[in-house]
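Notes to accompany the following structure.
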Amino acid sequence: MSSMEQHPEPAPELYRPGRWIALSVLVLAVLLVAIDATVLGLATPFLSEDLEPTGTQLLWIGDVYSFVIAGLLVSMGSLGDRIGRKKLLLCGATAFGAVSVLNAYANSPEMMILARALLGVAGATLMPSTLALIRNLFHDARERSLAIGIWGAMASAGAAVGPVVGGFLLEHFWWGSVFLINVPVMAVLVVVGIKMIPESKNPAPGPWDLLSVALSLVGIIGIVYAIKELAAHGGSWEAALAGVGGVLALVWFVRRQFRLPAPLLDMRLFHHRGFSGAVLADLLTILGLSGLVFFLSQFLQLVQGRGPLEAGLAELPAAVGAVTAGLLAGTAARRFSVRVVVTGGLAGIGLSLAAVAAVHKDTAYPLIGALLLVVGVGAGFAFTVTSDVILSSVPKEHAGSASAVSETAYELGAALGIALLGSIVTGVYQGFTAPAGTPPDVAEAAHESLGGAVEAAKVLPEEQATTLVSAAQDAFVDGLGAASAIGAVVLMATAVAAWFLLRGQELEEGIVHD
């Protein structure tokens, strides 16, 4: 680690011309992936009405993207290190735009699940490439912290822009339009990126081991699928087989990485306590948050009766807090220490989730908005600093692999969170009792999902329909409260772990000579 005082005359090439323009193109990809994730939550009630998925299919539509992207991120990060991160980014952006059209015109739950899975394949090429290219664009540590802050802030901005733009589109067009917005954004990224983003890759990468690619994909998807099935349906031979197979595949993967002269993922990265602590913090934080994120849009629309655009605007405080905190995170971490900023951010999220557990159907918006603001600030501080720690812990030739580990933790946490916490919400929700006299087919449809209950109630007499929807809403809120309480426990435990794992960790100062 080098300081500005030690290198008062940095070499001119360390300040690459056009690096900020290149950054603006990179964050377009991040913005788009974030928008894609958030608009799905808003579109869920409309998608449910049109495609009529079962509760299990609805969860798959929500989390198959994360399953696939988590399974492929390490492989794609390593591929970018080998063939060139710019090349991988532009290919992925082109595929992302094309597959978005398939998502928009899906006409069955099965086709929608497949389209989301293919979008995950394309998305897996984008995220590690963007963060790795930042590592190679910015050699000044303080500039890089700011760049990572902007990168994280744009991800949060996507969480804000997604619901607002998505809400506007859903009030004027059909639900598929929320996916078509990806196409022009990706077109801009590809056209500008060709000229402005410099290529970077590992100068001596070695071969890309296809067996390791298969093992990482099978291992992660097997484990996530097993946990999802166990949480949703209890023990089964299929879940046990998938879980055991996933564990064995990952064990084989790790052992193989230690033996390969050019591993897909250098396992020695995890010997760095700061790197391991930051990755663990990211995974558990997203796990605790994901249930809230996935179900909040449904709460605002189907429980509190807001329109899609109003629901999107209601979620803005989280993004505003995250953007602001992300831009200030590097400065705060250098002034107060990495572990203080990360632990404080995680504790803030945990306390907010504990408060969400007490939210009920008639809770006034100012309280919900304040809780979302605190969640956003906490996430902005924690994620920006952990991303900086992860990138600064490794040599630049391994930037793609390190970025992929960071993103894998994020996506795996999201998949596990939706599977576990989502299944808790669904399990609690399905326990409500339909009013006497409700036809069996209507009651069955109502127990599939809250959107299904609202739709099914339309065939009932007004008084009976109101009773059914009210019971379903109460059950949904109870499920959301249970998931939030568990999320709060996870976040507080993560805050304690981060305090110890990040002890003595500091962000780099000045110019970094790789």
Any donor-acceptor pair under 3.5 Å linking the side chain of [X] with the backbone of [Y]?
| X | Y | result |
| --- | --- | --- |
| Thr125 | Val121 | no |
| Arg339 | Arg503 | no |
| Thr384 | Gly380 | yes |
| Asn103 | Phe179 | no |

Over all heavy atoms of both residues, which pair between [X] and [Y] is shortest? Give the atoms and the distance, please.
| X | Y | result |
| --- | --- | --- |
| Ala249 | Val218 | CB-CG1, 4.2 Å |
| Ala354 | Ala488 | N-CB, 3.5 Å |
| Ala314 | Leu300 | CB-CD1, 4.0 Å |
| Met492 | Leu351 | SD-N, 4.1 Å |
| Val68 | Ala117 | CG1-O, 3.5 Å |
| Ser484 | Ala357 | CB-N, 3.9 Å |

If you round to the nearest 0.5 Å, how far is [atom2] of [Y] from [atom1] of [X]?
| X | Y | atom1 | atom2 | answer |
| --- | --- | --- | --- | --- |
| Leu491 | Leu284 | CG | CG | 8.5 Å |
| Ser100 | Tyr105 | OG | OH | 12.0 Å |
| Leu373 | Thr324 | CG | OG1 | 8.0 Å |
| Leu215 | Leu248 | CG | CG | 10.5 Å |
| Ile390 | Ile148 | CD1 | CD1 | 9.5 Å |
| Leu502 | Thr343 | CG | OG1 | 6.5 Å |

Report task. Decide yes or no on side chain to side chain contact (heavy atoms under 4.5 Å, CB included) for His360 and Thr363, but give the supporting numbers first. Result -> CA-CA 5 Å; His360 52 81; Thr363 298; 3.5 Å; yes
Donor-acceptor contacts, no H, no angles, side chain residues 470-477, under 3.5 Å, sequence neighbours left out:
{"from": "Ser470", "atom 1": "OG", "to": "Lys361", "atom 2": "NZ", "distance (Å)": "3.2"}
{"from": "Gln473", "atom 1": "NE2", "to": "Leu302", "atom 2": "O", "distance (Å)": "2.7"}
{"from": "Asp474", "atom 1": "OD1", "to": "Lys361", "atom 2": "NZ", "distance (Å)": "3.3"}

Report task. Go through the steps for Val374 and Ile349 under the test side chain to side chain contact (heavy atoms under 4.5 Å, CB included), then give the verdict. Result -> CA-CA 7 Å; Val374 176; Ile349 300 172; over 6 Å; no
Requested in this report: Mark yes when over 12 heavy atoms from residues, nucleotides or ligands other than Phe500 sit less than 6.0 Å from its CZ; otherwise mark no.
Outcome: no
Requested in this report: Answer yes or no: are there more than 12 heavy-atom neighbours, outside Phe270 itself, under 6.0 Å from its atom CZ?
Outcome: yes
Side-chain contact test, heavy atoms from C-beta onward, threshold under 4.5 Å: evaluate it for [X] versus [Y] and give yes or no.
| X | Y | answer |
| --- | --- | --- |
| Phe381 | Leu346 | no |
| Val101 | Leu180 | yes |
| Met112 | Leu102 | no |
| Asp388 | Phe383 | no |

Query raised in the report: So Val359 and Leu480, side chain to side chain contact (heavy atoms under 4.5 Å, CB included) or not? Walk me through it.
Result: CA-CA 9 Å; Val359 165; Leu480 182 61; 5.9 Å; no
Report task. Any chance you could lay out the side chain to side chain contact (heavy atoms under 4.5 Å, CB included) test for Phe275 and Val389, step after step, and finish with the verdict? Result -> CA-CA 6 Å; Phe275 180 90; Val389 168; 5.8 Å; no
Query raised in the report: Residues two or more places apart in sequence or in another chain: which of them pass side chain to side chain donor-acceptor pair (under 3.5 Å) with Gln304?
Result: Arg306
**Report entry** Thr285 side chain to Thr494 side chain, donor-acceptor N/O pair below 3.5 angstrom
**Finding:** no
